**Student:** 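First the structure, then my questions, so here it is.
Labels below follow one simple rule: chain letters A, B, ... track the order of the sequence lines, proteins then strands, and each chain is numbered from 1. The analysis underlying the following values was restricted to heavy atoms, covering all of them including side chains, and did not include hydrogens, waters or symmetry mates. Since we're looking at a predicted model, the values are computed, not measured.
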Protein chains: 2
Amino acid sequence: MICKLTKKRQRILSIINGSSVPLSAGDVHALLKKAVNLATIYRGLHYLELQHRIEGFTILCTREGAVRYYFKKENPHLHFIHCEVCHTFSPFRGCLREKLMNKIASELDYSIHSHVLYLTGVCGSCKRSN
Amino acid sequence: MICKLTKKRQRILSIINGSSVPLSAGDVHALLKKAVNLATIYRGLHYLELQHRIEGFTILCTREGAVRYYFKKENPHLHFIHCEVCHTFSPFRGCLREKLMNKIASELDYSIHSHVLYLTGVCGSCKRSN
DNA sequence: GTCAATTTGCAAATCATTCGCAAATTAATA
DNA sequence: TATTAATTTGCGAATGATTTGCAAATTGAC
């Protein structure tokens, strides 16, 4: 009975892997045209994150409130900056994992499982159209 | 009519500034012995964050769910690592603001307002008591 | 003190997320 | 390919942190 990466979970994974920006459970639901139940999407995203097939972070934004977003796993690690005006995400390169690892190793007796980093600000076009 | 930093908000600020770890609205409420209404604490924390007197991040943890935590503003900037087993936070030094600024400046046309960074892992004593 | 503006307490509402359970699907086996 | 036990799914209801509406209390300016 090892039937874990089911068809529906594969569809969810494809959606995440096909997106250049982080997606919420509701986003995935909409992109799948509601062919998959929302609760199933939540469970699928949990499963995929637990399997380390996707990554996620929870952000509080003025328009959406507190929502968890998921994005594809890449190497080097992706991070995002969120525009406070138009509420879009842009990826940026430059993962700091190694520096963080060194910091922690020298300062604290922890084993690191994940690091969450995102920025907020105002994107170029919102700056200009202000 | 500029009566913004009221006594209750000052009490909230004192609680945050007096803590070495991030606190949720509920934590502040408990520490104030429920002398201040929970809704007032939520509003106070919003106000203080908007005034850049405190900082915050929203984290999803297996025990508490998605909760927003607030912590004191320091220079250099504080960040935290969260133990997935005992659910405590530990501060660590080594803010990456400057490196991030340089990254963004060279890659994207954004102005950065804030950066959220936290780590998750397992702390030393939980590693050993496993 | 008076007054207009702001803040607070209370209870109800909100909303992303989770959960219970029966039906459907899956994978292993005969 | 039928059987079966385990897992997953859909649906609706529940959860729980956070927000909101409104009347009462507090604030700062005069």
**Student:** If we count only N and O atoms by modelled type, under 3.5 Å, do the side chains of E64(B) and H87(B) hold a donor and an acceptor together?
**Tutor:**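 Note: E64(B) and H87(B) side chains miss the donor-acceptor criterion.
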**Student:** Taking NZ from K4(B) and P from dA29(D), how many angstroms apart are they, rounded to a whole number?
**Tutor:** 14 Å
**Student:** Starting from P on dT8(D), measure out to CD1 on I12(A) and report it in whole angstrom.
**Tutor:** 12 Å
**Student:** Looking only at side-chain N and O atoms, does Y42(B) come under 4.0 Å of OP1 or OP2 in dT19(D)?
**Tutor:**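 No, Y42(B) has no side-chain N/O under 4.0 Å of OP1/OP2 on dT19(D).
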**Student:** I'd like to know if R63(A) and E84(A) make a salt bridge, using a cut-off of under 4.0 Å between side-chain N and carboxylate O.
**Tutor:** no
**Student:** Can you find a side chain N or O atom of R68(A) that sits less than 4.0 Å from OP1 or OP2 on dT17(C)?
**Tutor:**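 Looking at the OP1 and OP2 atoms of dT17(C), neither is under 4.0 Å from any side-chain N or O of R68(A).
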**Student:** So, is T6(B) near the phosphate of dT8(C), with a side-chain N or O under 4.0 Å from OP1 or OP2?
**Tutor:**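 For dT8(C), OP1/OP2 do have a side-chain N/O of T6(B) under 4.0 Å.
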**Student:** So that I know where these two stand, are H79(B) and H115(A) an aromatic pair - ring centroids less than 6.0 Å apart?
**Tutor:** no
**Student:** Tell me the interatomic distance from Y47(A), atom OH, to dT7(D), atom P, rounded to whole angstroms.
**Tutor:** 13 Å
**Student:** Does either side chain, that of S14(A) or that of N17(A), offer a donor lying less than 3.5 Å from an acceptor on the other one?
**Tutor:**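 N17(A) and S14(A) do not have a side-chain donor-acceptor pair below 3.5 Å.
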**Student:** Which nucleotide in the list dA17(D), dT8(C), dT8(D) gets nearest to the side chain of R9(B)?
**Tutor:** dT8(C)
**Student:** Determine whether the aromatic ring centres of residues H82(A) and H113(B) are separated by less than 6.0 angstrom.
**Tutor:**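 Between H82(A) and H113(B), which both carry aromatic rings, the centre distance is not below 6.0 Å.
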**Student:** What is the distance from NZ of K34(A) to C1' of dC11(D), rounded to the nearest Å?
**Tutor:** 15 Å
**Student:** Check whether any side-chain nitrogen or oxygen of R43(B) sits under 4.0 Å from OP1 or OP2 of dT20(D), and answer yes or no.
**Tutor:** no
**Student:** Give a yes/no on whether any side-chain N or O of K7(B) is located under 4.0 angstrom from OP1 or OP2 of dT8(C).
**Tutor:** no
**Student:** Specify the separation, in whole Å, of atom CD of E64(A) and atom P of dT14(C).
**Tutor:** 17 Å
**Student:** Both Y69(B) and G44(A) contact DNA chain D. Taking the nearest nucleotide for each, which residue is further toward the 5' end?
**Tutor:**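 Nearer the 5' end of the strand: G44(A).
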**Student:** Taking CG from L38(B) and C1' from dT18(D), how many angstroms apart are they, rounded to a whole number?
**Tutor:**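 Spelled out: CG on L38(B) to C1' on dT18(D) is 8 Å.
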**Student:** May I ask you to evaluate whether H46(A) reaches the phosphate of dT18(C), defined as a side-chain N or O under 4.0 Å from OP1 or OP2?
**Tutor:**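 Looking at the OP1 and OP2 atoms of dT18(C), one of them is under 4.0 Å from a side-chain N or O of H46(A).
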**Student:** Would you kindly give the NE2-to-C1' distance between H29(B) and dT8(C), to the nearest whole Å?
**Tutor:**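 Rounding to the nearest Å, NE2 of H29(B) and C1' of dT8(C) are 12 Å apart.
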**Student:** Tell me whether the side-chain N/O atoms of T40(B) come closer than 4.0 Å to OP1 or OP2 in dG9(C).
**Tutor:** yes
**Student:** Find the distance K8(A):NZ to dT25(C):P and express it as a whole number of Å.
**Tutor:**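 Taking atom P of dT25(C) as the reference, NZ of K8(A) is at 8 Å.
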**Student:** Hey, is the side chain of N37(A) poking within less than 4.0 Å of OP1 or OP2 on dT9(D), counting only N and O atoms?
**Tutor:** no
